[in-house]
There are 2 protein chains.
Amino acid sequence: MTLQQLEYVLALEKTRHFVRAAELCGVTQPTLSAMVQKLEEELDCKIFDRSRQPIEVTEIGTQIISQAQVIIYQANQLKESIKSTKEELTGTLHLAVIPTIAPYLLPRFIASFKKLYPELSLKISEMHTDTIIEKLRIAEIDMAILSTPLDDPKILEVPLYYEKFAAYISPTEPIYKRTELSATDMPLDKLWVLEEGHCLRNQVFNFCHEKPLQSSTYEAGSIDTLVKIVDLNGGYTVIPELHIELLSESQKLNLRSIVNPEATREISIVIRHDFVREGVINAVAECIKQIIPAHMLDTRLKKFAIRL
Amino acid sequence: MTLQQLEYVLALEKTRHFVRAAELCGVTQPTLSAMVQKLEEELDCKIFDRSRQPIEVTEIGTQIISQAQVIIYQANQLKESIKSTKEELTGTLHLAVIPTIAPYLLPRFIASFKKLYPELSLKISEMHTDTIIEKLRIAEIDMAILSTPLDDPKILEVPLYYEKFAAYISPTEPIYKRTELSATDMPLDKLWVLEEGHCLRNQVFNFCHEKPLQSSTYEAGSIDTLVKIVDLNGGYTVIPELHIELLSESQKLNLRSIVNPEATREISIVIRHDFVREGVINAVAECIKQIIPAHMLDTRLKKFAIRL
DNA sequence: ACCTTTGCATAGATAATAACTATACGATTA
DNA sequence: TAATCGTATAGTTATTATCTATGCAAAGGT
């Protein structure tokens, strides 16, 4: 049984005439005849009584036709629903990402998303949280990925994952020998931090329960730079979990877990409340969730999240 | 889009594995791969995300799969419902027909019915109304075609058609010159009737408002005989409408319509009330209705029907 | 009674496609 | 780096849907 055979049957039911039904289906009469016969053979019952003119539908044929109509209708519904869903997933999506997430996530996300939704053209920018909020408000961007909560009533947050912080320690430091560290083990004087604007900077200060008295000698523009500074100048810094994958094997030896408390940051998709393309939100969210390791999706980690 | 492609997709959804899905469908992996790809191409969207292991269903894929399940379910329902309907239309049907209907109807009915329902084996007997009622009660027959109403509470009547009576007049009779006749024009002394047992005999008497005082010289066993008697011995008789088709062209000249009142008999299918094979009743009824001329199906003719 | 028309089925050829085997390729893992 | 797993691709074969041409039966007209 094929959908086409059912369509032939329905055309025949409409026209009660093989030649006209064939025309309706865009095939020749013998083709339609043969296909209807084949279906009748498969179902092992006559659908049409050809001994009458015009042909009549048999008792059982009536039943078959009404069920065939259901099937064909549902098949058309399938195509229809795809069409309306796809319209959502076309056009352009302006997406912003904070710099402390971008290096790991973006290359993977772009590759994966382009493959799944080739119709949706992505415009991605890297910017700090406050710029994102501003541009989101004026609709210059549609969506952003950053650390939450923002506590902004105009902005909707869709949590994605929870990322632990890790300490990156220079071998020259005494605390290098420790396997686990807590906030108090890392005084500010030897803590390298990102320059102002990065939410990660604030989170580190919040976590250490200290405020910087004065700006340090040097504040880095990226985590990558931060790590290189520690390598060359000693001291320590704090980096997010996903950045670990970007370190070399020897650099990974300088990592120490942070405990008591465990520190995480919540990463979310944020949009304006009036953003209507719900399918796009799901598409982006699902795509990202597939990229990051499964254990980071555990919402129980939310309780360790450091606020901005 | 074909039903088979949808089944491949559903198998893939179950297994999340091309090789195992292919096994499930009884085809090779490249076949299933190609068919799924083809469907994705036709619908112009990816259903599965193959970049993950095990493969995952896309956002839109979830939607497609749930609709595909509906379609496949409905397709299976079609086959199921045919099966249950067909079971009704198998086995044996014991059918009885009264002799004044049989000659015209049976040859046509048997041919047509066998073609439509080859699985149902027909056993047909000719018998008089009272025998039919008796055998129906003891379930020796399942169904009968006869003249109604019977007014029997155990028997259910399904009216089929209404058959007029026609007068068959010998050219030797004075009333031969008339084009129309009424009951009073045909006194009993020259009226040839069927032998006792035939309901048609009673209907003719009822119609003529007379009771036979004594049995006539000869009472015929069939309408065919009745006609031949008139041809050879003069007088007249009354025959049912459908029998006209069985007369020769020259015999048809001896026919006169009966008016004032028009006389008809109601022909029905009768069954016991406990007869369960509803599909069989419809099958027989529809088949007969296709055989007899359309004007005889007009239920307005019921008001001219002569009781038994 | 004969011919024509109408309408579906059948036969044989052809084009489309679903299926196969073998193999490449990409991603993980040892 | 090789081995393994899982899917895609290439090339071939088998199947089948479709075509054109024709047969055949029934109904209608002359």
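Only heavy atoms go into these numbers, but all of them, side chains included; no hydrogens, no water, no symmetry mates. Labels below follow one simple rule: chain letters A, B, ... track the order of the sequence lines, proteins then strands, and each chain is numbered from 1. Predicted, not measured: the structure shown is a model, and the values here were computed from it.
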Visitor: At a cut-off of 3.5 Å, list every protein nitrogen or oxygen paired with a nitrogen or oxygen from nucleotides 26-28 of chain C, distance to 0.1 Å.
Guide:
none

Visitor: Are B:H17 and D:dT7 close enough that a side-chain N or O sits under 4.0 Å from OP1 or OP2?
Guide: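 For D:dT7, OP1/OP2 do have a side-chain N/O of B:H17 under 4.0 Å.
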Visitor: Give me the one residue out of A:K79, A:K83, A:K86 that meets salt bridge (charged side-chain N to carboxylate O under 4.0 Å, His left out) with B:D44.
Guide: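 Among A:K79, A:K83, A:K86, the one meeting salt bridge (charged side-chain N to carboxylate O under 4.0 Å, His left out) with B:D44 is A:K86.
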Visitor: Taking atom CG of A:L301 and atom CE of A:M296, what is their separation to the nearest 0.5 Å?
Guide: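 It comes to 8.5 Å.
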Visitor: Round to a whole Å and report the spacing from CZ of A:F18 to C1' of D:dC24.
Guide: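 One finds 15 Å between C1' of D:dC24 and CZ of A:F18, rounded.
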Visitor: Taking only residues two or more places apart in sequence or in another chain, which ones pass salt bridge (charged side-chain N to carboxylate O under 4.0 Å, His left out) with B:E87?
Guide: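 B:E87 satisfies salt bridge (charged side-chain N to carboxylate O under 4.0 Å, His left out) with no residue once adjacent residues are dropped.
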Visitor: Any salt bridge (Lys or Arg N to Asp or Glu O under 4.0 Å) involving residues 22-40 of chain B? Give me the pairs, sequence neighbours left out, ordered by first then second residue.
Guide: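 Pairs touching residues 22-40 of chain B that pass the test: B:E40-B:K46, B:E40-B:R50.
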Visitor: To the nearest 0.5 Å, what is the distance between OG1 (A:T62) and CD (A:E56)?
Guide: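 Atom-to-atom, A:T62:OG1 and A:E56:CD are 10.0 Å apart.
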Visitor: Collect all protein-nucleotide pairs involving nucleotides 10-20 of chain D in which both atoms are nitrogen or oxygen and the distance is under 3.5 Å.
Guide:
{"from": "D:dA17", "atom 1": "OP2", "to": "A:K38", "atom 2": "NZ", "distance (Å)": "2.4"}
{"from": "D:dT18", "atom 1": "OP1", "to": "A:Q4", "atom 2": "OE1", "distance (Å)": "3.4"}
{"from": "D:dT18", "atom 1": "OP1", "to": "A:Q4", "atom 2": "NE2", "distance (Å)": "3.3"}
{"from": "D:dT18", "atom 1": "OP1", "to": "A:Y8", "atom 2": "OH", "distance (Å)": "3.1"}
{"from": "D:dT18", "atom 1": "OP2", "to": "A:Y8", "atom 2": "OH", "distance (Å)": "3.2"}
{"from": "D:dC19", "atom 1": "OP2", "to": "A:T28", "atom 2": "N", "distance (Å)": "2.7"}
{"from": "D:dC19", "atom 1": "OP2", "to": "A:T28", "atom 2": "OG1", "distance (Å)": "2.7"}
{"from": "D:dC19", "atom 1": "OP2", "to": "A:T31", "atom 2": "OG1", "distance (Å)": "2.7"}

Visitor: Kindly indicate whether the side chain of B:I288, heavy atoms from C-beta on, has any atom under 4.5 Å from the side chain of B:F113.
Guide: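 A side-chain contact under 4.5 Å is absent here.
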Visitor: Take the protein atom CZ of A:F48 and the nucleotide atom P of C:dC8, then report the distance between them rounded to whole Å.
Guide: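 These atoms are roughly 11 Å apart.
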Visitor: Whole angstrom is fine here: how far is it from CD in B:E40 over to C1' in D:dT7?
Guide: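 Rounded to the whole Å, the gap is 12 Å.
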Visitor: Within this structure, what is the CD-to-P distance between B:E41 and D:dA8, rounded to whole angstrom?
Guide: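 It works out to 13 Å between those atoms.
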Visitor: Do any side-chain nitrogens or oxygens of A:R50 fall under 4.0 Å of OP1 or OP2 in C:dA9?
Guide: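 True: A:R50 side-chain N/O within range (under 4.0 Å) of C:dA9 OP1/OP2.
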Visitor: Could you give the side-chain donor-acceptor pairs of residues 97-112 of chain B under 3.5 Å, partners two or more places apart or in another chain?
Guide:
{"from": "B:T100", "atom 1": "OG1", "to": "B:R265", "atom 2": "NH1", "distance (Å)": "2.8"}
{"from": "B:R108", "atom 1": "NH1", "to": "B:Y104", "atom 2": "O", "distance (Å)": "2.8"}

Visitor: Can you list, pair by pair, the side-chain donor-acceptor contacts under 3.5 Å of residues 27-34 of chain A, counting residues two or more places apart and other chains?
Guide:
{"from": "A:T28", "atom 1": "OG1", "to": "A:T31", "atom 2": "OG1", "distance (Å)": "3.0"}
{"from": "A:Q29", "atom 1": "NE2", "to": "A:S33", "atom 2": "OG", "distance (Å)": "3.1"}
{"from": "A:S33", "atom 1": "OG", "to": "A:Q29", "atom 2": "O", "distance (Å)": "3.4"}

Visitor: Atom CZ of A:R20 to atom C1' of C:dT6: distance rounded to whole Å?
Guide: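 In whole Å, C:dT6 C1' lies 11 Å from A:R20 CZ.
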Visitor: D:dC24 P sits how many Å from A:Q53 CD, rounded?
Guide: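 Value for this atom pair: 19 Å.
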Visitor: In whole angstrom, give the distance that lies between atom CG of B:D49 and atom P of D:dG6.
Guide: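 Atom CG in B:D49 sits about 16 Å away from atom P in D:dG6.
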Visitor: If you measure from NE2 on A:H243 to CD on A:E241, what distance do you get to the nearest 0.5 Å?
Guide: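 It comes to 13.0 Å.
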